[in-house]
Undergrad: 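Sharing a structure with you now.
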Amino acid sequence: MNGEQALGTAEMDALRAHIKALEEINEGLRQSFEELTALYRLSETMATARTLARVLALLLDLSHDMVPYRAAALLLFHETTKKFSLRLQRGLDAPVEARIQAQTMEGVLFWALEQGRPVVLPGKPGDPPAGDGDRTFVVVPLVARGKSIGLLHLTVDREEGAFTQRDLSFLSVLANQASVAIENARLYETIQSDSREVVRALGRAAAAHDSSAQRMAERMAACVTLLAEALKLPPEEAEVVKNAALLHDIGMLGVPEAVLEKPGKLSPEEIRLVRTHCALGADLVGGICSLTPLVPLVLHHHERWDGTGYPAGLKGPEIPRGARLIALADAFEKMTSERPYRLALSRNLALDEIQKESGRQFDPEVVEAFLKVLPHLAAARAGEEAASS
Ligand SMILES: [Fe+2]
């Protein structure tokens, strides 16, 4: 006699029903776990995504994890023009793109935008066939802080009724989180672009009386960008170093012209005045909120690796890394440019000088990186010289 025979038919049915219910609960738990994992991934990764391109790519990746689609389009809505623009797409063939265009023309997408929740649109009888089965469009509005900012448009090879409430709720949560991230990324990019404008405007103002100063600052910015790349600095830090290189001497605006233009040797008091340009520049840059990360670099760009620099006499790694890059680029630029009191050094002589100062004036690691980037720097200079001749 086996176990099954020991139970009556009614008990067996009840047991089977019980097992089925347990399997369903299990499946539900598995799906919930997958969704929670995906949402955790979303909030974790969205928080670190600074650029709009990265946020949009993540949104498409995570949507595909939960609702596998054949094609996806991300449309951003522009409040001023009341139009959509296609910002990112995957698998969008000509017929699907035409369908999206038609949906825009018919006002369907505007209607979907107003719904504030995902809507499922069946493919029309006239739509081109989608492989073996039916085609459905899922349109998810992106709403941030009560404002419609765009749509996630998915083309899914499923029947209209095959979407569960769970699919749509997941897409809704995903869209809400992504919308906030999109707004933050846009804000961040606006701040970045404003900062670049401010840096450019300040740089131009600082070099208004001396066009060669601006050219030198731009060359230094190119040099520190190459150094930052060679030293594998994170992109945000590289941007700060580049901007600081453009503005490192802005404090010279506060140094009397008579001192700056004096042809002969400077007196100790005049040297003291020139040296105030680091603190003056740091004060000026620190007054602009988005430029505060530049302050330590502007302040310490005349420190020396051996601690004999100014204004603070910082030594070795105490000197902010960006300031060490600027110090080397500044020295190289000054050595290879013609000055009122001496001719420019050749690139090789300047390089010898820099190598001699490794571990004294300069960070040895930065010198090493400089040796690697010098050929690129020389090529850029040659191009610049050819263009100006
Ligand atoms: Fe300086």
Side-chain angles (χ1 to χ4, degrees), residues 198-200 202-225 227-228 240-263 265-288 291-315 318-342 344-345 350 353-354 357 360-363 366-367 370:
V198 170
V199 168
R200 262 186 231 123
L202 282 175
R204 274 199 300 272
H209 62 289
D210 179 5
S211 62
S212 69
Q214 187 171 0
R215 210 170 37 249
M216 279 175 75
E218 276 163 11
R219 283 175 170 180
M220 276 179 61
C223 178
V224 294
T225 302
L227 288 173
V240 168
V241 182
K242 180 187 156 199
N243 287 338
L246 286 168
L247 296 182
H248 70 290
D249 269 347
I250 193 155
M252 289 294 190
L253 284 173
V255 178
E257 243 170 74
V259 175
L260 293 178
E261 285 168 10
K262 185 175 169 182
K265 219 176 153 207
L266 298 182
S267 70
E269 174 54 16
E270 287 164 340
I271 292 175
R272 190 195 64 77
L273 276 173
V274 170
R275 289 185 169 191
T276 59
H277 81 277
C278 300
L280 288 172
D283 259 7
L284 202 110
V285 167
I288 300 161
L291 300 187
T292 46
L294 278 58
V295 170
L297 280 59
V298 172
L299 182 62
H300 295 294
H301 74 273
H302 281 291
E303 304 287 357
R304 292 172 53 111
W305 185 254
D306 61 9
T308 60
Y310 68 91
L314 298 183
K315 198 172 178 180
E318 289 170 358
I319 307 165
R321 179 160 59 170
R324 288 179 247 151
L325 269 61
I326 295 173
L328 194 147
D330 190 21
F332 179 70
E333 187 53 46
K334 280 179 181 144
M335 282 190 262
T336 53
S337 304
E338 206 155 299
R339 315 285 284 171
Y341 45 88
R342 65 152 176 77
L345 285 189
E353 197 59 33
I354 283 172
E357 287 298 317
R360 296 198 324 215
Q361 184 175 354
F362 307 119
D363 174 355
V366 180
V367 173
F370 185 74

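First listed ligand is number 1; within each ligand, the first listed atom is number 1. Just the heavy atoms: all of them, side chains too, but no hydrogens, waters or symmetry mates, feed the values below.
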Undergrad: Starting from the Fe ion (ligand 1), look over the N/O/S atoms of His301 and name the nearest one.
TA: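 It is NE2 of His301.
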
Undergrad: Return the CD1 to CG distance between Ile326 and Leu227, rounded to the nearest 0.5 Å.
TA: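 If we round to the nearest 0.5 Å, Ile326:CD1 and Leu227:CG are 10.5 Å apart.
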
Undergrad: What class does the angle between the rings of Phe332 and Phe370 fall in, given that below 30° is parallel, 30 to 60° is tilted and above 60° is perpendicular?
TA: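 Perpendicular: the ring planes of Phe332 and Phe370 meet at over 60°.
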
Undergrad: Hey, is Glu318 close enough to Lys315 for a salt bridge, meaning N to O under 4.0 Å?
TA: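 Lys315 and Glu318: not salt-bridged.
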
Undergrad: Measure from the ring center of His277 to the ring center of His301 and say whether it is less than 6.0 Å.
TA: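 Centroid distance His277-His301: below 6.0 Å, so yes.
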
Undergrad: Would His302 count as a contact for the Fe ion (ligand 1), in the sense that one of its N, O or S atoms lies under 2.8 Å from it?
TA: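 Yes, since at least one N, O or S atom of His302 sits under 2.8 Å from the Fe ion (ligand 1).
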
Undergrad: Give the name of the N/O/S atom in Asp249 that lies closest to the Fe ion (ligand 1).
TA: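 Of all N, O or S atoms in Asp249, the Fe ion (ligand 1) lies closest to OD1.
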
Undergrad: Please find the N/O/S atom of His277 nearest to the Fe ion (ligand 1) and write down its name.
TA: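 So the atom name we want here is NE2.
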
